[in-house]
Every structure is written in structure tokens, then in C-alpha cells.
J.: 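Quick one: this structure, given as C-alpha cells, is what I'll be asking you about.
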Amino acid sequence: MNLLNMLSGKKFADWINKARKGDKMTYYRGFLFAPNMQKYSPTQSIYEAYEHNLITLVQKKHGDFDYEYIAVRT
């Protein structure tokens, strides 16, 4: 995983506290293979926000192994 493509936990927390319903944020672009097994995965705080119904998760495919992972504020 390319660490430069990841969103920091602090930046995500700042966004979720300020975002309005329908606002979107790309939290990773690339290919997440078994993200829960990766040491520096951005998905833990994202998934916790999803479990608390704060966001909806969306993917957009740009090409082979090139996905955009988006959080949408609910």
C-alpha cells in the first residue's frame, strides 16, 4: 500500500466533525487488498464511523487495481 495515498486519522476526524449531510471525502485511492491485515490501514476509523451510521461507504473504479474509496456523510 502506498502510504502517500492514505488519509490520516486526524484529517478524517476533522472532516467528519465539520462535514454536512451529503459531503464526500476520498480516503484512499489505489487498491486495498485485505485492508484489515495491513499495519497502516486507514480503514479502521472509517469503518468505526460507518458502524455508527455517520457515513456511507462508496467505491469508484477507475481502472484495474485503481479504486477510489469514498466516505459520504449521512
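All residue numbers in this chain count up from 1 along the given sequence.
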J.: When you compare the side chain of V72 with that of I55, does any pair of heavy atoms fall below 4.5 Å?
T.: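 The answer is no; the side chains never approach within 4.5 Å.
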J.: Are L57 and W15 joined in one hydrophobic group, where the rule is that I, L, V, M, F, W and Y side chains link up if heavy atoms are under 4.5 Å apart?
T.: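 Linked, L57 and W15 end up in one cluster.
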J.: Which is it for Y27 and I70 under the side-chain contact (heavy atoms from CB on, under 4.5 Å) test, yes or no, and what are the steps along the way?
T.: CA-CA 6 Å; Y27 62 91; I70 304 163; 5.6 Å; no
J.: Just grab all the salt bridge (Lys or Arg N to Asp or Glu O under 4.0 Å) pairs involving residues 11-25, residues at least two apart or on different chains.
T.: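 Those involving residues 11-25 are K10-D14.
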J.: Mind checking side chain to side chain contact (heavy atoms under 4.5 Å, CB included) for H62 and listing every partner two or more places apart, or none if nothing turns up?
T.: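 Partners of H62 under the side chain to side chain contact (heavy atoms under 4.5 Å, CB included) test: R29, K60, D66, E68.
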J.: Ignoring hydrogens and geometry, is there a side-chain-to-backbone donor-acceptor pair from T74 to N53 under 3.5 Å?
T.: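 Side chain of T74 to backbone of N53, a donor-acceptor pair under 3.5 Å: yes, one is there.
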J.: Could you report the tightest heavy-atom contact between S45 and F12, atom names first, then the distance?
T.: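 For S45 and F12, the tightest heavy-atom pair comes out as O-CE2, 3.8 Å.
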J.: To the nearest 0.5 angstrom, please state how far the CD1 atom of I16 sits from the CD atom of E48.
T.: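 Reported value, rounded in 0.5 Å steps: 10.5 Å.
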J.: Linking I/L/V/M/F/W/Y whenever any side-chain heavy atoms sit under 4.5 Å apart, do L54 and Y28 land together?
T.: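 The answer is yes; both residues are in one hydrophobic cluster.
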J.: Would you please name every residue forming a side chain to side chain contact (heavy atoms under 4.5 Å, CB included) with Y67, sequence neighbours left out?
T.: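 So Y67 forms a side chain to side chain contact (heavy atoms under 4.5 Å, CB included) with F31, Q59, K61, Y69.
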